[in-house]
Amino acid sequence: MRGIRGRTWLLLAAAGAAVLALIGGTAVWFSADRDRQRSGNLEQLGRACVGLLPHERLRGFVPDDSAGVLEEYGTMLDPGRESRALLDCTLAWGPGRWEPEALVQVRAEALIAAQAAADDEGPRTVGDFPMPLPAGARGGTTADDRLNGSAVSASLRVECPSGLRGRSRPAESFRVTVGLPSAADDEYDVPDADRLLAARTAVDVANWVLGHQDCGREPIRTSASPRQAEGPEPTELCAWADPDELDFAAEDWEFTGDARYDGRAGSCAGRTTGFGVPDGMPVVELKAESWSGEFARGAYERHTFAGTAPGQGARSPAAPDGTVAIRTAEFSPPALALWAGSVCDGGPSYHRIVVTPGISFDDEQEVTVEGQVRKRFSADARAALDRYLAADGGWPKRAHCHDTKVLGEVEEWLR
């Protein structure tokens with residue numbers, strides 16, 4: 001009996017060891033399989049969209065439990081194909097119930113004359129593209145919610161004076177759109193770094209098209225803009241933006257601005273952080289921008305397209321005492337811009353100062369601004385421009401700007 005129990009124990013031990021070995025082997029196999037799956041997905045990411053994706057920044061979205069789904073086509077990949085798309089590429093990861101867990105989309109599309117004209121007839125804005133752009137290029141970025149997380153996209157339209165080759169119908173411009181996943185919880189939390197990544201990818205795609213098309217323009221320089229710094233104090237380049245010295249709203253302010261100097265362009269901004277509108281319509285938001293060389297031409301071109309360059313549009317009708325009526329805008333508060341031109345290290349340059357007064361519309365569609373207050377808007381903009389141009393650590397001094405001329409005001413409000 002004792003021998004039987006011993007043999008039974010040995011059999012059970014052997015069976016247990018076999019089960020443990022099987023479980024361990026299965027775990028090793030699954031681990032190796034997931035490693036192979038992720039490795040395959042990373043390889044796919046590296047070659048997708050003709051290798052133009054920012055794969056190092058997208059690695060965190062690559063799964064190890066399912067294969068990526070890649071679709072790509074376009075006349076620049078298959079010259080015999082009939083399509084408006086020069087490149088159309090979609091890479092999806094994860095079998096989400098209603099949509100993929102993460103999605104990358106890239107499209108470069110030729111714009112025939114009718115499409116380009118329709119595009120020009122749409123809402124005309126300068127755009128918020130976070131990189132300096134030369135003449136003949138304009139773009140912007142957006143952020144959107146997804147079922148899980150968020151996404152960021154960038155669009156870029158580029159003119160090709162000599163036309164795009166291989167088109168059955170003539171096209172002298174093309175549009176690039178890029179959509180990337182973001183780890184932000186919702187669209188309002190998408191960081192500026194994600195917008196910059198999408199914009200930089202759009203520029204890379206545009207340059208790929210330009211590199212394969214002899215369309216009469218140089219590639220867009222791709223070095224990114226300086227990282228913007230945020231905080232209760234302005235950066236060294238923006239130290240001139242002192243609300244107390246400028247006699248702006250006597251409230252707490254927050255600032256954004258370039259963390260380092262870039263000879264192509266510079267930017268500083270500040271705004272009050274409190275709720276409500278202070279009495280007397282003081283300045284509650286300030287912005288300064290400068291562009292040099294080809295980027296100055298590009299900025300002026302985009303503002304001309306949007307109708308916000310100096311010399312465009314008449315001033316608001318004023319009563320004999322200077323009183324004007326300002327109508328409320330749907331998306332942006334009324335602001336006054338003051339432009340100046342200089343010669344700087346990078347060539348002919350433009351400077352743009354924007355002051356936003358605190359105007360409370362309440363439920364009214366129109367607000368009356370007294371003549372003396374309207375004059376103060378102009379004085380505030382000029383004081384900010386003078387302080388900006390004279391600041392030792394500011395962009396104009398760093399760029400050795402000279403021969404500066406004030407070009408005029410632009411009333412950025414509805415009349």
Side-chain angles (χ1 to χ4, degrees), residues 125-132 140-143 150 152 182-197 199 224-262 265-291 329 331-338 351-361 376-377 379-396 398 412-413:
T125 63
V126 177
D128 65 345
F129 205 78
M131 297 174 62
T141 64
T142 58
S150 57
V152 62
S182 172
D185 291 334
D186 58 58
E187 61 182 290
Y188 300 105
D189 294 329
V190 170
D192 290 342
D194 286 1
R195 292 179 182 268
L196 181 59
L197 181 66
S225 300
R227 181 76 49 101
Q228 293 277 295
E230 301 181 12
E233 299 293 334
T235 64
E236 181 181 353
L237 282 162
C238 304
W240 61 271
D242 187 330
D244 293 332
E245 292 291 334
L246 289 164
D247 199 22
F248 290 171
E251 298 194 358
D252 292 333
W253 284 64
E254 63 181 5
F255 301 89
T256 59
D258 295 335
R260 61 176 176 81
Y261 171 73
D262 182 344
S267 175
C268 297
R271 65 174 62 191
T272 58
T273 59
F275 294 99
V277 178
D279 295 333
M281 300 185 184
V283 173
V284 295
E285 186 172 351
L286 168 68
K287 186 172 185 179
E289 299 174 290
S290 290
W291 309 272
F331 297 110
S332 58
L336 181 68
L338 179 61
H351 314 288
R352 177 174 175 262
I353 291 285
V354 184
V355 293
T356 302
I359 299 178
S360 176
F361 286 93
R376 199 193 70 230
F377 294 171
D380 287 339
R382 183 56 191 262
L385 175 64
D386 290 344
R387 189 173 173 85
Y388 178 52
L389 295 172
D392 288 336
W395 192 93
R398 294 284 296 275
E412 297 186 1
W413 57 67

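In what follows, every heavy atom counts, from backbone to side chain, and hydrogens, waters and symmetry copies are set aside. Remember, it's a predicted structure, so these values are computed and weren't measured experimentally.
For the residue pair Pro278 and Glu251, the shortest heavy atom distance occurs at CB-OE2, 3.7 Å. The heavy-atom pair separating Asp380 from Leu246 by the smallest distance is OD1-O, 4.5 Å. Nearest heavy-atom pair, Ala384 versus Ile353, reported as atom, atom and distance to 0.1 Å: CB-CG2, 3.8 Å. Considering every non-hydrogen atom in both Pro243 and Ala249, the closest pair reads CB-O, 4.5 Å. For the residue pair Ala241 and Leu286, the shortest heavy atom distance occurs at CB-CD2, 4.0 Å. Nearest heavy-atom pair across Gly270 and Phe255 is CA-CD2, 3.8 Å.
Atom CZ of Arg271 has 12 or fewer neighbouring heavy atoms from other residues, nucleotides or ligands inside a 6.0 Å radius. Counting heavy atoms of neighbouring residues, nucleotides and ligands inside a 6.0 Å radius, atom CG of Asp189 exceeds 12 of them.
In this pair, Trp240 and Tyr388 present their aromatic rings tilted. The plane angle is within the 30 to 60° band. Ring pair Tyr261/Trp395 is tilted by interplanar angle, where 30° to 60° counts as tilted.
Separating the OG atom in Ser290 from the NE2 atom in His351 is a distance of 5.0 Å, to the nearest 0.5 Å. The distance from the CZ atom of Arg352 to the CG atom of Leu338 is 10.5 Å, given to the nearest 0.5 Å. In this structure, Asp392 CG and Arg398 CZ are separated by 11.0 Å, a value rounded to the nearest 0.5 Å.
Here the side chains of Ser150 and Asp186 are not in contact, with every heavy-atom distance at 4.5 Å or above. For the pair Thr141 and Pro130, the minimum side-chain heavy-atom distance is below 4.5 Å.
Looking only at distances, a side-chain donor or acceptor of Thr235 sits under 3.5 Å from a matching main-chain atom of Asp258.
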Practice task
For the pair Thr272 and Phe248, evaluate side-chain contact (heavy atoms from CB on, under 4.5 Å) and give the outcome as yes or no after the intermediate values.
Solution key: CA-CA 10 Å; Thr272 58; Phe248 290 171; over 6 Å; no

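Between Glu412 and Lys287 there is no salt bridge, since none of the side-chain N atoms of the basic residue sits less than 4.0 Å from a carboxylate O of the acidic one.
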